[in-house]
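The block underneath contains the structure these notes are about, expressed in structure tokens.
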There are 2 protein chains.
Amino acid sequence: MNEHRVVRLKDIAQELGLSESTVSRALSGTGRVSEATRLLVQQAVKKRDYTPNDIARSLRRRDGRSIGIIVTDITNIFFASVLKGAQMVAHEQGYSTLLSNSDEDPALETASLRLMLQKQVSGLILATVGGSPNQLAQCRRQGVPIVFIDNLPNLGYPYDSVSVDNHKSAYLLTCKLLKRGMRRIGVITGPLGQSSGLHRWEGYERAMQEAGCPIYRPWVKQGDFRVESGYAAMSSMLAQQETPQAVLIANNYMAFGAIRAIRERGWQVPRDIAIVSFDTEDISGLMHPSITTMNQPAVEIGRQAAEILIDRLTDNAPEDAVARVLDPIFVEGTSW
Amino acid sequence: MNEHRVVRLKDIAQELGLSESTVSRALSGTGRVSEATRLLVQQAVKKRDYTPNDIARSLRRRDGRSIGIIVTDITNIFFASVLKGAQMVAHEQGYSTLLSNSDEDPALETASLRLMLQKQVSGLILATVGGSPNQLAQCRRQGVPIVFIDNLPNLGYPYDSVSVDNHKSAYLLTCKLLKRGMRRIGVITGPLGQSSGLHRWEGYERAMQEAGCPIYRPWVKQGDFRVESGYAAMSSMLAQQETPQAVLIANNYMAFGAIRAIRERGWQVPRDIAIVSFDTEDISGLMHPSITTMNQPAVEIGRQAAEILIDRLTDNAPEDAVARVLDPIFVEGTSW
DNA sequence: TGGGCTTGCGCAATCGATTCCGCTATGATA
DNA sequence: TATCATAGCGGAATCGATTGCGCAAGCCCA
């Protein structure tokens, strides 16, 4: 009867009359081990159901072989999709993923970052709400690479990121509205403190200016990317004397709220007011009317973020910071 | 100039002329340390930005202080919400969360389980697709507790779980349809190999039988919880000579597909056919018509699963297996 | 046959923290 | 004043794996 509950490398070594180093090398494939002993080791491992202790391995290697992902809201399908893409790539490369949800709370983000640093993550994918300068500095010092997604903060140095061209995205979408002959176009923006919110607003602004189309301030509302703020913004827009022909809404959740407000007034989309929006591939198509959107390739964002991160962790680290900008995908719905 | 890139416990100890043991005790609060040195240590820690190495700590404590969560599809808002609840509780208790997405693939589930065991997770929350008997056995041997959610497998022993009463849920929903005078009620089930799919079907069956209402086989279709299968199931139902008055659909994603099929035929919900369904709190309300559903309290499922797990990991472990069954929440929409 | 090279493997240090054990100094008690 | 308990702290083993170094045996070729 063995007195250990779990089988250790040492147990395998003893059973075979080998040293721990040989067993280790046989399993990792590094170093020189004869084919015969390699087979012996593999058999013993299988027989005893040996599972290597990654904690011990990580300690020795000074690397947790895991990547941390912090998002603001995992129930937002955009982030869930990012996560899916990142997790797939990480898993393929033998990295596990530590997840945290900051809930848009800078304090929680900071706490999560601290926890992940303690866990010795190899790298981080971060959708920041901006508010952990200390931790970010520590990451730099310790050489823990970070890839930023979604909200690109204003740091004093270049950094890796994956994002969609939000400016272009909003610009093109607004141009499409203009091309359909619309000129009275309102907008519900996201938080202008976040790059995704700001750039979409700027794209709209530029398109309107280039078209010589005045921006009517009562049709400009700021939301927070949540359903309720879309509802509130649209409600107050509809309370104006004049209402717009079309409204550009900075994400789909707010579009849902806005559409509800329109319905409650007894109006229809797009008969009385057209709606265009931004978001993730999956969520459209569930709605009726289906919303005309600039979709963000969320899974691809996650995938590429993980790839960049893993490149940084292995030898093929590029010299400079990588700022990958993906193109949005235009999906025509029936909401315009 | 210090030659170490990161500050270690030893560095703090040397700086203060203390032993590592004392510093460790000062930080952990265990053992006897004078108030004076405790303060000294805390200051030094703050000054040097010391971050304890959880890997080393975990190795010594033989516990990774993390919980693994494996779900079948993280972009499904039900699982995303479960994750959110579980992650919150875990984080509060100082546990980090390792996430994996099995994509309904038993092989991936097995690989994920193996990886998590290697990482020495303290416990697991598992929405299994059923297919890792070896790993489950190993968890038992190693004393890694598991809380099952969503799909409750048929193991030969009692285990902890958190679920909703799917049978009751479907039974009540069907009864409500019957009470509204409907008798020609069809059903689109989930996979009958999964408990959630099976029990919802059984609840429907029982309600129909008790009401003396015949089940018309062409109105019984099996789907796989995805949009497309709902579309296909409803399409083939609508191709029958006779169509049902109402259809009970085993989850919301399939309901989306079904509604699209109905619309494409030029019919309306609920004028021509009523729809009721099951799912998560958040997703309803986005749809039009809003679907009448039995909602699963997903965040609560995650939260309770994590609580049970952490109870098992601490002293207040209950003697017997905990099978917590939550009640669904009825939400009336306009789809019936 | 002997020098050099390769192969296969073991020894022991090491990663960074925790923790058992025991030592010293201090204060209390008889 | 002698004894003893205890608070505060240090020494060293330990967790389970990895890895640099070195040794011995076997091989090749001169």
Side-chain angles (χ1 to χ4, degrees), chain A residues 2-41 44-45 48-65 94 115 117-122 142-143, chain B residues 2-41 44-45 48-65 94 115 117-122 142-143:
Chain A
N2 209 308
E3 60 180 345
H4 298 301
R5 309 231 8 223
V6 310
V7 182
R8 318 187 307 282
L9 188 63
K10 182 192 273 186
D11 301 320
I12 301 287
Q14 280 178 355
E15 176 169 331
L16 295 175
L18 290 171
S19 73
E20 298 180 45
S21 15
T22 304
V23 177
S24 171
R25 280 186 291 244
L27 289 176
S28 65
T30 67
R32 296 172 305 212
V33 180
S34 76
E35 197 55 31
T37 56
R38 188 189 306 282
L39 282 177
L40 273 177
V41 169
V45 162
R48 304 283 304 271
D49 250 346
Y50 166 67
T51 307
N53 184 324
D54 261 353
I55 294 289
R57 179 179 294 179
S58 294
L59 176 60
R60 179 61 227 246
R61 292 206 183 128
R62 306 162 126 259
D63 174 14
R65 285 288 160 106
L115 190 57
L117 279 173
Q118 290 192 185
K119 293 277 180 196
Q120 313 293 111
V121 292
S122 313
Q142 302 195 5
Chain B
N2 207 309
E3 58 181 348
H4 299 301
R5 310 239 358 231
V6 310
V7 183
R8 320 190 303 289
L9 188 64
K10 181 190 274 185
D11 301 319
I12 302 287
Q14 280 177 355
E15 176 169 333
L16 296 175
L18 290 170
S19 74
E20 299 179 45
S21 9
T22 304
V23 177
S24 172
R25 279 186 296 244
L27 289 177
S28 67
T30 67
R32 296 173 300 211
V33 180
S34 76
E35 198 54 32
T37 55
R38 187 189 307 282
L39 283 176
L40 273 178
V41 169
V45 162
R48 303 283 303 272
D49 250 348
Y50 167 66
T51 307
N53 185 325
D54 261 353
I55 294 289
R57 180 179 294 180
S58 295
L59 176 59
R60 180 60 228 247
R61 291 204 183 132
R62 305 160 129 261
D63 174 14
R65 285 288 160 107
L115 191 54
L117 279 172
Q118 291 193 185
K119 293 278 181 197
Q120 312 294 111
V121 292
S122 314
Q142 303 196 3

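Hydrogens, waters and symmetry mates are skipped; everything else that's a heavy atom, side chains included, is used. Please read all numbers here as calculations on a predicted model, not as lab measurements. In what follows, every chain begins at residue 1, and chains take the letters A, B, ... in the order their sequences are listed.
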Report yes if the side chains of [X] and [Y] come closer than 4.5 Å at any heavy-atom pair, otherwise no.
{"X": "Gln120(A)", "Y": "Asn53(B)", "result": "yes"}
{"X": "Leu16(A)", "Y": "Val41(A)", "result": "yes"}
{"X": "Thr37(B)", "Y": "Ser34(B)", "result": "yes"}

Query raised in the report: Can you check the Leu59(B) CG to dA17(D) C1' distance for me, whole Å?
Result: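 Going from Leu59(B) (CG) to dA17(D) (C1'), I get 8 Å.
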Report task. Please report, rounded to the nearest Å, how far the P atom of dT19(D) is from the CG atom of Leu9(A). Result -> 12 Å
**Report entry** Spatial distance of atom CG (Leu18(A)) from atom NZ (Lys10(A)) [nearest 0.5 Å]
**Finding:**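 With rounding to 0.5 Å, CG (Leu18(A)) is 15.0 Å from NZ (Lys10(A)).
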Query - Spacing of CG belonging to Asp54(B) relative to CG belonging to Leu59(A), to within rounding of 0.5 Å - result: 11.5 Å
Query - Closest non-hydrogen atom pair, Ile12(B) against Tyr50(B) - result: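 Residues Ile12(B) and Tyr50(B), closest heavy atoms: CD1-CB, 4.0 Å.
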Query raised in the report: Quick one: is dG10(D) close enough that its OP1 or OP2 comes under 4.0 Å of any side-chain N or O from Ser19(B)?
Result: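 Checking Ser19(B) against dG10(D): at least one side-chain N or O falls below 4.0 Å of OP1 or OP2.
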Query raised in the report: If you look at every strand shown and take non-hydrogen atoms under 4.0 Å, does Leu18(A) touch a base, only sugar-phosphate, or nothing?
Result: sugar-phosphate
Show the atom names and distances, to 0.1 Å, of all donor-acceptor pairs under 3.5 Å that link a side chain in residues 20-27 of chain A to residues at least two apart or in another chain.
from, atom 1, to, atom 2, distance (Å)
Ser21(A), OG, Ser19(A), OG, 3.0
Thr22(A), OG1, Ser19(A), OG, 3.1

Query raised in the report: Got a sec, which residues hit side chain to side chain contact (heavy atoms under 4.5 Å, CB included) with Arg65(B), two or more places apart in sequence or on another chain?
Result: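 Once residues adjacent in sequence are excluded, the partners of Arg65(B) under the side chain to side chain contact (heavy atoms under 4.5 Å, CB included) criterion are Lys119(A), Arg61(B), Asp63(B), Tyr95(B).
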Requested in this report: Give the angle between the helix axes at the two ends of the helix from dT1(C)-dA30(D) to dA30(C)-dT1(D), taking five base pairs at each end and rounding to 10°.
Outcome: 50°
Report summary line: Min and max contacting nt of DNA chain C in 5' to 3' order, chain A heavy atoms within under 4.0 angstrom, are dT7(C) to dG16(C)
**Report entry** Any residue meeting salt bridge (charged side-chain N to carboxylate O under 4.0 Å, His left out) with Glu15(A), in chain and number order, not counting sequence neighbours
**Finding:** Lys47(A), Arg48(A)
Query raised in the report: Which residue, Asp54(B) or Arg32(B), contacts DNA chain C at a nucleotide closer to its 5' end, judged by nearest heavy atom?
Result: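 Upstream on the strand: Asp54(B).
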Requested in this report: Assign each of Arg57(A) and Thr22(B) to its nearest nucleotide of DNA chain D by heavy atoms, then name whichever residue's nucleotide is nearer the 5' end.
Outcome: Thr22(B)
Report task. Pull out every residue in residues 23-31 of chain B that has a heavy atom closer than 4.0 Å to any atom of DNA chain C, ordered by number, or say none. Result -> Ser24(B), Arg25(B)
